[in-house]
Amino acid sequence: MSEDINKLPSQIIYNNLKELVRAKNTAHESIFKFHWKKMWPFSLIWPQVDFVRIVRLMGELRKNVVSQKALVKEAKTKAKPFEKMFLDVLPAYLESFDISCKCLADVAQWKQDMLEKKLHHDVKMMRDVSEYNNILKAYEKAQNELVKAGEFVRLGWVEMLKGFVTETEGA
């Protein structure tokens, strides 16, 4: 009797990861993606990016990373042999995801502070873009690390699927 793949802990974790990544990517696009509604004078009519919500969302995603790490740890104890590789690469990916969420929250917070004029300005109220540039560089580095870790997750997932297919064919 073959086992349903949707009942495997790896599949549950994989589905959770897809939702986490989807939420983060949506926040990324709302901050960085070009849209005509963000241009003047349209920006005066339509609401802009809600940076405060993005900061909160990144905080929630970071809390979910902690619960996913616990789920991975628990799943490793019950995992079938073909799931081991996938589960072994997840902690590094989750750590990279956490750092990326923190950096994206920093970007959103800087933009929110800019809107509220909370940033430290000199007497002429000039923008200090070097601080923002450093925040963007940190986010870019975090994204690159996340992409690298994601490749290992994909490889582990493919191996897990191959092992599942092999086991179900043999059963």
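- There is a path of hydrophobic side-chain contacts, each under 4.5 Å, that joins I135 to Y139.
- Using bins of under 30°, 30° to 60° and over 60° for the plane-to-plane angle, the ring pair Y14/W157 lands in the parallel bin.
- Taking the centre of each ring, F164 and F86 stay at or above the 6.0 Å mark.
- Between Y93 and V21, the closest side-chain pair of non-hydrogen atoms falls below 4.5 Å.
- Taking SG from C101 and CG from D106, the interatomic distance works out to 11.0 Å, rounded to the nearest 0.5 Å.
- Listed for the E83 side chain is a donor-acceptor partner under 3.5 Å among the backbone atoms of K80.
- Proximity of a side-chain donor or acceptor of S96 to a complementary backbone N or O of A92 within less than 3.5 Å is detected.
- Of the options M114, Q112, Q109, R56, a side-chain contact (heavy atoms from CB on, under 4.5 Å) to F51 is made by Q112 and by none of the others.
- F152 and I99 fall into different hydrophobic clusters, where Ile, Leu, Val, Met, Phe, Trp and Tyr residues are linked whenever their side-chain heavy atoms come under 4.5 Å apart, directly or through other members.
- Side-chain atoms of I31 and K111, non-hydrogen and from C-beta on, do get closer than 4.5 Å to each other.
- For the atom pair L161 CG and T166 OG1, the distance stands at 10.5 Å (nearest 0.5 Å).
- Ion pairing between K102 and D98 fails under the 4.0 Å rule for side-chain N and carboxylate O.
- With a 4.5 Å cut-off on side-chain heavy atoms, W110 and L136 do not count as touching.
- The minimum heavy-atom distance between A27 and M58, with the atom names listed, is CB-CE, 3.6 Å.
- The line from CD1 of I13 to CD of E74 is 8.5 Å long, rounded to the nearest 0.5 Å.
- Minimum heavy-atom separation, A108 to V55: CB-CG2, 3.8 Å.
- Counting only heavy atoms from C-beta outward, the side chains of F97 and V153 never approach each other to under 4.5 Å.
- The closest side-chain donor-acceptor pair between E29 and N25, if any, does not fall under 3.5 angstrom.
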Practice task
Begin from the C-alpha positions of Q11 and N15 and carry the test side-chain hydrogen bond (donor to acceptor under 3.5 Å, both in side chains) through to its verdict.
Solution key: CA-CA 6 Å; Q11 180 66 44; N15 289 339; 2.9 Å; yes
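- Looking at residues two or more places apart in sequence or on another chain, you find a side-chain contact (heavy atoms from CB on, under 4.5 Å) between K162 and V158, E159.
- Side-chain contact between I54 and S30 is present, with heavy atoms from C-beta onward closer than 4.5 Å.
- Residues L17 and L90 are in side-chain contact: their nearest non-hydrogen atoms beyond the backbone lie under 4.5 Å apart.
- For the atom pair CG of L104 and NZ of K24, the computed distance is 5.5 Å after rounding to the nearest 0.5 Å.
- Residues V65 and L57 share a hydrophobic cluster, clusters being chains of Ile/Leu/Val/Met/Phe/Trp/Tyr side chains in contact below 4.5 Å.
- Between E151 and K148 there is no salt bridge, since none of the side-chain N atoms of the basic residue sits less than 4.0 Å from a carboxylate O of the acidic one.
- In this structure the side chain of M160 reaches within 4.5 angstrom of the side chain of L8, judged on heavy atoms.
- In this structure, the separation between CD on E140 and SG on C103 is 11.0 Å, given to the nearest 0.5 Å.
- Using a 4.5 Å heavy-atom cutoff, the side chains of L20 and Q68 are in contact.
- Residue pairs satisfying the salt bridge (charged side-chain N to carboxylate O under 4.0 Å, His left out) criterion with at least one member in residues 88-97, sequence neighbours excluded, are listed as follows: K69-E95, K76-D88.
- When the side chains of ILVMFWY residues are joined at heavy-atom separations under 4.5 Å, either directly or via intervening members, L61 and L71 end up in a single hydrophobic cluster.
- Separating the CG atom in L87 from the OG1 atom in T77 is a distance of 10.0 Å, to the nearest 0.5 Å.
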